There are 2 protein chains.
Amino acid sequence: MENNKEKTEPDVSTEDKIKGAARIVFYKKGFAATRTRDIAEEAGINLALLNYYFRSKAKLFEIIMIETLSGFMKSMVILLNDPKTDLDEKTGSIVSKYIDLITKEPEIPTFIVTEIRSNPGLLLEKLPIKQIIQHSVFIKQYKEAVEKGDITEPNPLHFLINLIGLIVFPFIAKPLIIGGIEMKAQEFDNLIQERKKLIPVWIKAMMSAR
Amino acid sequence: MENNKEKTEPDVSTEDKIKGAARIVFYKKGFAATRTRDIAEEAGINLALLNYYFRSKAKLFEIIMIETLSGFMKSMVILLNDPKTDLDEKTGSIVSKYIDLITKEPEIPTFIVTEIRSNPGLLLEKLPIKQIIQHSVFIKQYKEAVEKGDITEPNPLHFLINLIGLIVFPFIAKPLIIGGIEMKAQEFDNLIQERKKLIPVWIKAMMSAR
DNA sequence: GTCTATAACGTGATAGAC
DNA sequence: GTCTATCACGTTATAGAC
C-alpha cells in the first residue's frame, strides 16, 4: 500500500519528499558528489524549495546523517541490553536483524563509512555509544562467559568488531565481489542469506577457539 | 634517509611530487571532495602544472586508482597461488602481509570502497580477479580440504570474504571505534597487532565449525 | 508554499609570458 | 618546465513574482 516511489505518492508533505529524496541520493553518491539539483529532481520538486525547507545542502545532509546513524545504532543498543537473552541469542538476533535491515537498504554501511571519514567529529558528540555499550548487559554477560571459560578471547571489542564486520563487510565489498567474480545480484542475495545462519556458528567457534 | 614529506624532498621529479600528493589527498578525501588546488598545495607546486603533466583531475585520479588497486591485489594473488604453502600458511601470510601494509597506509581500504561505489565499471575491466582466483592454487587446496573434511564450509568465497573482512574491517570502522569508544590511537594499533595473531586462529576455528 | 530568474561563488582548466 | 592571470562552467543559494 505504501510501497511505491515518492514521486507517485500523493499525500506526503513536500518536506518529507525532499528528505526521502535526499536519503536516496546521499546514500548513493555521498555528500560531495551530490548536487542539490539531483535531490530536487529525485523529489520531483523545485530546487528553491530545498533551501526553503532546509537552510542549506549541509544542513539537510546533517539531518539525514544523524537520523541514519541513530536509526542504525538503536536496534544494536536495545538488543545488547536485553537481560532476557544470553550471548548466543544476542548474536543470533543481531545477525538476523541487521542482515534484514541492510538487505533493505544496502547502501547504508558504505554511506556511514565514507561520510564519517570527512566528518569524524559529528557523531561522537551526537551518539553516546561509549556509555551505553560499556554498561550494557552484553558486557556483563561477556565477562561472565570469559570467567566461566566459555569464551577464550577476553576483549569484548574483538567480539563486537568481528560480529559487525562479518555482517557488514560483504555489503561494503559488494561492488568488488559482484564485479570481480562476475556474480549475479541474485547469487549475492543468496550468499547473504546463507551467512545469516553461518555467522552465529562462526562467531561461537571463533570466540571459544584456543 | 627518505623518510620525510615530499615538500622537503629535493630530488624527486615534479611528476612524482604531484602523484604523491594526489595519493595523499585522494586517499583522505575521495575524488569528489578533492580540489585540484589541494593537490597542488600538498605537492608544493603550481596548479597549472597538474594539468600540464596529467590532462585532468579525472585522468590523474584514474592513474592513482589503478596503481592503488593493482598494488593492493598483487600480493594477494601471489600468496594465493603459492604452491609451496598450505591453507594455514596462506592464511597466516595474508593476514600478516596485509595488516602491515594497511597499517602503513590506513586510508586505502576506505578509499577503495568509497571510490569503487561511484565507478564500479573501472576495475572489472582493469583487474582480472576472476580468472586468477578461480584457477588459483588456493581454490584447489580449499576443495581438497573440504573433501578431506578438514573444512566444513564448502564455499571458498565465504572463506575469502571472512578473511579479508576480519583484516580490513577494523580499519574501515576506525573512526567509529576511535570516536565511539574514545580510544587512543596507540590502543587501536595494539588492537590491530593482537588481531595479527588472532585472525588465523579464528579463521581455522570458523571454517572447521560444525 | 511554490515557482522563475539570477546572483555569488568555487573549481577545473588553459592562454601566454618567462 | 614553470609561473600568473583568467576564462568558462557548474553549483549553491536567494530575491522576488505569483
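Throughout, a chain's letter reflects where its sequence line sits, starting with A, and its residues are numbered from 1. This is a predicted model, so every value here is computed, not measured.
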Measure from [atom1] on [X] to [atom2] on [N] and round the result to the nearest Å.
X: A:Phe61; N: D:dA13; atom1: CZ; atom2: C1'; value: 19 Å
X: A:Asn51; N: C:dA7; atom1: CG; atom2: C1'; value: 13 Å
X: A:Arg55; N: D:dA15; atom1: CZ; atom2: P; value: 12 Å
X: A:Glu41; N: D:dT11; atom1: CD; atom2: P; value: 12 Å
X: B:Lys59; N: C:dA13; atom1: NZ; atom2: C1'; value: 17 Å
X: B:Lys57; N: C:dG10; atom1: NZ; atom2: P; value: 16 Å
X: B:Asp38; N: C:dG12; atom1: CG; atom2: P; value: 8 Å

Inset, instruction - Taking B:Asn51 for its side chain and B:Ala48 for its backbone only, find out whether a donor-acceptor pair lies under 3.5 Å. - result: no
Legend entry - Minimum-distance nucleotide to A:Arg35 side chain [options: C:dA13, C:dG12, D:dT11]: D:dT11
Legend entry - Distance flag, aromatic centroids of B:Phe26 and B:Phe111, threshold under 6.0 Å: no
Legend entry - Contact list for residues 96-108 of chain A, test salt bridge (Lys or Arg N to Asp or Glu O under 4.0 Å), sequence neighbours left out: A:Asp100-A:Lys196
Inset, instruction - Scan residues 169-188 of chain A for pairs that pass salt bridge (Lys or Arg N to Asp or Glu O under 4.0 Å), counting only residues two or more places apart or in two chains. - result: A:Glu182-B:Lys130
Legend entry - Quiz item: cation-pi between A:Lys57 and A:Phe31, 6.0 Å / 45°: yes
Show me the protein contacts with nucleotides 1-6 of chain C, counting only N or O atoms at under 3.5 Å.
unit_1	atom_1	unit_2	atom_2	d
C:dT2	OP1	A:Thr14	OG1	3.0
C:dT2	OP2	A:Thr14	OG1	3.3
C:dT2	OP2	A:Tyr53	OH	2.6
C:dC3	OP2	A:Asn46	N	3.3
C:dT4	OP2	A:Asn46	ND2	3.0

Inset, instruction - Compute the angle between the rotation axes at the two ends of the helix from C:dG1-D:dC18 to C:dC18-D:dG1, each taken over five pairs, rounded to 10 degrees. - result: 10°
Inset, instruction - Check the pair B:Arg195, A:Asn162 against side chain to side chain donor-acceptor pair (under 3.5 Å), reporting the backbone distance first and the verdict last. - result: CA-CA 10 Å; B:Arg195 295 179 71 85; A:Asn162 294 345; 2.7 Å; yes
Inset, instruction - Determine: side-chain N/O of B:Thr36 to OP1/OP2 of C:dG12, distance under 4.0 Å, yes or no. - result: yes
Inset, instruction - Could you grab the distance from atom CD1 of B:Ile203 to atom CH2 of A:Trp202, nearest 0.5 Å is fine? - result: 9.0 Å
Inset, instruction - Could you name each residue pair satisfying ring pair (Phe, Tyr, Trp, His ring centres under 6.0 Å) that touches residues 85-110 of chain B, not counting sequence neighbours? - result: B:Phe72-B:Tyr98
Inset, instruction - With sequence neighbours left out, write down each residue that passes salt bridge (charged side-chain N to carboxylate O under 4.0 Å, His left out) with B:Lys19, or none if nothing qualifies. - result: B:Glu67
Inset, instruction - Using a 4.0 Å heavy-atom cut-off across all strands, classify B:Thr34 as base, sugar-phosphate, or nothing. - result: sugar-phosphate
